[in-house]
Amino acid sequence: HVQLVESGGGAVQAGGSLNLSCTASSNEYRTYCMAWFRQVPGKDREGVATIDLEGNTKYADFVKGRFFISRDYTKTNLFLQMNSLKSEDSAMYYCAADGPRTVAAVTSLNAQVYNYWGQGTQVTVS
């Protein structure tokens, strides 16, 4: 079992940057595929980016080239660097974990795959 806590959200002007962080409570984090999702009221939660146990990444088309996911295995942290932010990026951003998994696990942008979620951090772009 792993608990996730997001931070780093806030208000920023269009074109600006934010760096979201997610801290996992357990060293088991190293055996979990991780992801960032976002959701706005009235819409389904959508996958933003994923990272597997080896650091391979996957991005939704609408953030490719602007957002970058990374993970720090020594400190159980997950990050999302968001650049060139647009108003349509405004949403609650969630950290998610899928696991424990094996090294060969393939990540997914489907929210149903993930069994652990943080409480979210709000991002507002104006």
Check your understanding: Any side-chain heavy-atom pair from F68 and N83 closer than 4.5 angstrom?
Key -> yes

Review point. Between atom CG of N19 and atom CD of Q81, what is the distance when rounded to the nearest 0.5 Å?
Key: 4.5 Å

Revision key, fill the gap. For C22, the disulfide (SG to SG under 2.5 Å) test, sequence neighbours excluded, returns C95

Review point. Partners of K86 by salt bridge (Lys or Arg N to Asp or Glu O under 4.0 Å), sequence neighbours excluded?
Key: none

Exercise for review: Look only at the side chain of T124 and the backbone of A11, and say whether a donor-acceptor pair between them is shorter than 3.5 Å.
Suggested key: no

Check your understanding: Are F62 and M82 joined in one hydrophobic group, where the rule is that I, L, V, M, F, W and Y side chains link up if heavy atoms are under 4.5 Å apart?
Key -> yes

Review point. Is there a chain of hydrophobic side chains (I, L, V, M, F, W, Y, each step under 4.5 Å between heavy atoms) that links Y32 to V106?
Key: no

Exercise for review: For the residue pair D52 and T107, confirm or rule out a side-chain donor-acceptor distance under 3.5 Å.
Suggested key: no

Revision key, fill the gap. Smallest heavy-atom separation, Y59 atom then A49 atom, equals CD2-CB, 3.6 Å

Revision key, fill the gap. The side chain to side chain contact (heavy atoms under 4.5 Å, CB included) partners of V40 (sequence neighbours excluded) come to K43, A91

Practice item. Could you tell me which residues satisfy side chain to side chain contact (heavy atoms under 4.5 Å, CB included) with S21, sequence neighbours excluded, listed by chain and number? Key: S7, F79

Revision key, fill the gap. For residues 88-110, the salt bridge (charged side-chain N to carboxylate O under 4.0 Å, His left out) pairs (sequence neighbours left out) are R38-D89, R66-D89, D98-R101

Point to revise | Residues in side chain to side chain contact (heavy atoms under 4.5 Å, CB included) contact with A24, at least two apart in sequence or another chain | key: V2, L4, Y29, T76

Point to revise | Pairwise side-chain contact, L20 with V123, heavy-atom cut-off 4.5 Å (strictly under) | key: yes

Practice item. Check whether any side-chain heavy atom of F67 lies under 4.5 Å from a side-chain heavy atom of L80, and answer yes or no. Key: yes

Practice item. Check whether any side-chain heavy atom of S26 sits under 4.5 Å from a side-chain heavy atom of Q3, and report yes or no. Key: no

Check your understanding: Quick check: does any side chain N or O of E6 sit under 3.5 Å from a backbone N or O of G120, one acting as donor and the other as acceptor?
Key -> yes

Check your understanding: Should we say atom CD of Q122 is surrounded by more than 12 heavy atoms from elsewhere, each under 6.0 Å from it?
Key -> yes

Point to revise | Residues forming a salt bridge (Lys or Arg N to Asp or Glu O under 4.0 Å) with E28, sequence neighbours excluded | key: none

Exercise for review: Please round to the nearest 0.5 Å and tell me the distance separating atom CD1 of I51 and atom CE of M34.
Suggested key: 9.5 Å

Check your understanding: Mind checking whether L109 and Y93 sit in one hydrophobic cluster, side chains of I, L, V, M, F, W, Y counted as touching below 4.5 Å?
Key -> no

Review point. Going by side-chain heavy atoms closer than 4.5 Å, which hydrophobic residues are tied to L53, directly or by a chain of links?
Key: none

Study note, to complete from the structure: OG (S70) and CG (N77) are apart, to the nearest 0.5 Å, by 9.5 Å

**Study point:** Side-chain cluster (under 4.5 Å, hydrophobic types only) that Y94 belongs to, other residues
**Key:** F37, M92, V113, Y114, W117

Practice item. Could I get the full list of side chain to side chain contact (heavy atoms under 4.5 Å, CB included) partners for V12, not counting sequence neighbours? Key: L18, L85, V125

Check your understanding: Under the salt bridge (Lys or Arg N to Asp or Glu O under 4.0 Å) test, which residues partner D61, sequence neighbours left out?
Key -> K64

**Study point:** Pairwise disulfide bond (SG atoms under 2.5 Å apart) hits with a residue in residues 26-67, at least two apart
**Key:** none

